[in-house]
> 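Quick one: structure below, then a few questions.
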Amino acid sequence: MIDSGRLYENLHQKGIRFFSGVPDSLMKDFLQYLQEHAVPGEHIITANEGLAIALASGYHFRTGRIPLVYLQNSGLGNIINPLSSLADPEMYAVPMLLLIGWRGMSGKKDEPQHQKMGRITIPMLEAMEVPYYLLSDQEEELFDTIQTAITKAADCSCPVALLVPGNIFTPYTALNAEKDFFSLGREEVIREIINRFSGTEKLICTTGKTGREFYELNKEAGNKFTNYLLCAGAMGHAGHIALGVSADHTSTILLDGDGALLMHLGGLTTIAPFAAGDFFHIVLNNGQHESVGGQPTAGFSADLCGLAAAAGYSNTVLIQTDEELKQWLATAPSQKGLHFVEIRIKQGSRQNLGRPAGVPMEWKNDFMNAIQKNLIEYSTTIEGRGEFVPNQFLYSGQGRKKNIPDQRESL
Ligand SMILES: Cc1ncc(C[n+]2csc(CCOP(=O)(O)OP(=O)(O)O)c2C)c(N)n1
């Protein structure tokens, strides 16, 4: 097993002095060490993996040194563009190390969202013409491989991948356990949402533990919600799934995470003008990537409600206490229109959190069947609404027309 401190020292000795990326649970011990020991300016967590490639390129342009970008292999999709059109030897030829957590590695059982990417990780690197090496869990061997990769990156002036085949790091305990600033827990909030809303809303859950918690708590509530879909993979895309399904004009609840929201933050500017029906974009903001080890996000330093309002959300609310949550939930289910709700929560989740039963195809079919049924019931029971007018007809292309009333209010 690899000691995180010794790896950090070894990288330092070899001239690697800049680290950036999006965390992965396979590297959580090393990343926690890095978070605590990197000197200021040496380590920056980016909102998505592609941005880390660009940041690392900028670092290289300034210093001439080789940076390291870390990511889960699910982030490969996010780096293809900057890798091929920025860092590639046929473009600006940026030597860098890519430390990639290999989820779904061939032969290893993993969650459904990791299977395909696990299988195609090597073919993808090959297609991208990125040299790669598999890391050992033996220190000496691993240090040798890193040296080989650095030499390769310098020689070819190109990105070189180092694949992390599993949890190869010895457990690292944080020096200073982060203090909790907020008292609400994620499960508590999800439970209240399940209790207070009718259960007929369509509900889309973000990547990570939120979906698993929703699944458990909904089961405990006798499967009150039937119209739900867990966005098990595709981090940062739950918002646009919700946007896509909102167009049937029944109510939509989106349970988002701060890390996921920030990963594709620009999506707010499309959800705001196009979301149909009553749409509750609820961000469970714990200021960290809790599902993969608790590394910080900008969730507590950015003004998420301000960002949403600037993107065009007509109603925003910040909830920080149990009282505020109860107060909001007392009226929320009957509120109309588009809502952005930031709920600040503490860290942590239960140890024995289960995983949803079944396979993604079944989840999809269940969801589609449930919302079709819902739609039929809806159109036969609600009179007067008729054909809905999608919000895009209100969108001029140069911004929302100010003199057109928000028709969602009157629907
Ligand atoms: C593109 C991509 N990069 C990284 C990951 C790994 N990953 C899974 S969940 C997660 C953290 C999500 O953070 P947040 O949305 O704040 O939710 P939390 O885990 O705090 O509940 C990460 C980084 C991923 N699934 N996809």
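Indexing begins at 1, ligand by ligand and atom by atom, following the structure's order. Not measured: the values here are computed from a predicted model.
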> Under a 3.5 Å cutoff, is there a donor and acceptor pairing between the side chains of Lys14 and Asn10?
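Result is yes, a qualifying pair exists.
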
> What residue among Phe30, Tyr8, Tyr33 forms ring-ring contact (aromatic ring centres under 6.0 Å, His included) with Tyr172?
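Going through the options one by one, the only one that passes is Tyr33.
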
> Under 3.5 Å between any N/O of Asp258 and any N/O of ligand 1: does that happen in this structure?
yes

> Say whether Asp24 and ligand 1 are in contact under the criterion: heavy-atom distance to a ligand atom below 4.0 Å.
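Asp24: no contact with ligand 1 (<4.0 Å).
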
> Nearest protein heavy-atom contact for atom 15 (O) of ligand 1: which residue, which atom, what distance?
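For atom 15 (O) of ligand 1, the nearest protein heavy atom is Ala260 N, 2.9 Å.
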
> I want to know if ligand 1 touches Gln288 in the polar sense, i.e. an N/O pair below 3.5 angstrom.
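The answer is yes, given that Gln288 and ligand 1 share an N or O pair closer than 3.5 Å.
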
> What protein heavy atom lies closest to atom 3 (N) of ligand 1? Include the residue and the distance to one decimal.
Glu49 OE2, 2.5 Å

> Of the side chain and backbone of Asp256, name the one, both, or neither that has a heavy atom under 4.0 Å from an atom of ligand 1.
neither

> What is the nearest protein non-hydrogen atom to atom 9 (S) of ligand 1, stated with its residue, atom name and distance?
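Heavy-atom neighbour on the protein nearest atom 9 (S) of ligand 1: Ser291 CB, 3.8 Å.
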
> Using a 4.0 Å cut-off to any heavy atom of Arg186, which atoms of ligand 1 qualify?
18 (P), 21 (O)

> When you measure from the side chain of Asn315 to the backbone N and O of Leu338, does any donor-acceptor pair fall under 3.5 Å?
yes

> Any N/O of Glu290 closer than 3.5 Å to an N/O of ligand 1?
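Yes; at least one N/O pair falls below 3.5 Å.
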
> Say you draw a straight line from CG of Asp258 to OG1 of Thr297; how long is it, rounded to the nearest 0.5 Å?
3.5 Å

> Between Phe197 and Phe280, is the ring centroid distance below 6.0 Å?
yes

> Tell me which protein heavy atom sits closest to atom 23 (C) of ligand 1, plus the residue, atom name and distance to 0.1 Å.
Pro23 O, 3.5 Å

> Among all protein heavy atoms in this structure, tell me which lies nearest to atom 8 (C) of ligand 1, with the distance rounded to 0.1 Å.
Val292 CG1, 3.7 Å

> Using a distance-only test with no angle check, is there a side-chain donor-acceptor pair under 3.5 angstrom linking Glu290 and Ser349?
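Per modelled atom types, Glu290 and Ser349 side chains form a pair under 3.5 Å.
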
> Give me the residue, atom name and distance of the protein heavy atom closest to atom 14 (P) of ligand 1.
Gly259 N, 3.5 Å

> Work out whether the distance between some heavy atom of Lys209 and some atom of ligand 1 is less than 4.0 Å.
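Not so, Lys209 does not reach ligand 1.
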
> Under a 3.5 Å cutoff, is there a donor and acceptor pairing between the side chains of Glu126 and Tyr132?
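On atom types as modelled, these side chains qualify, holding a pair under 3.5 Å.
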
> Give a yes or no answer on whether the side chain of Thr148 reaches the backbone of Asp144 with a donor-acceptor pair at less than 3.5 Å.
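Yes: the side chain of Thr148 pairs with the backbone of Asp144.
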
> What atoms in ligand 1 come closer than 4.0 Å to a heavy atom of Gly257?
15 (O)

> Under a 4.0 Å threshold between the charged nitrogen and the carboxylate oxygen, would Asp24 count as salt-bridged to Lys28?
no

> Step through it carefully: locate the ring centre of Phe300, locate the ring centre of Phe182, and say whether they are under 6.0 Å apart.
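Yes: the rings meet the under 6.0 Å criterion.
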
> In the protein, what heavy atom is nearest to atom 2 (C) of ligand 1, and what distance, to one decimal place, separates them?
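It is Ser74 OG, 3.3 Å.
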
> Strictly under 4.0 Å, does any heavy atom of Met263 approach an atom of ligand 1?
yes

> Could you tell me the residue and atom name of the protein heavy atom closest to atom 22 (C) of ligand 1, and the distance to it rounded to 0.1 Å?
Met235 SD, 3.4 Å

> Is any side-chain heavy atom of Met117 closer than 4.5 Å to a side-chain heavy atom of Thr121?
yes

> Does ligand 1 have any atom that is closer than 4.0 Å to a heavy atom of Asn78?
yes

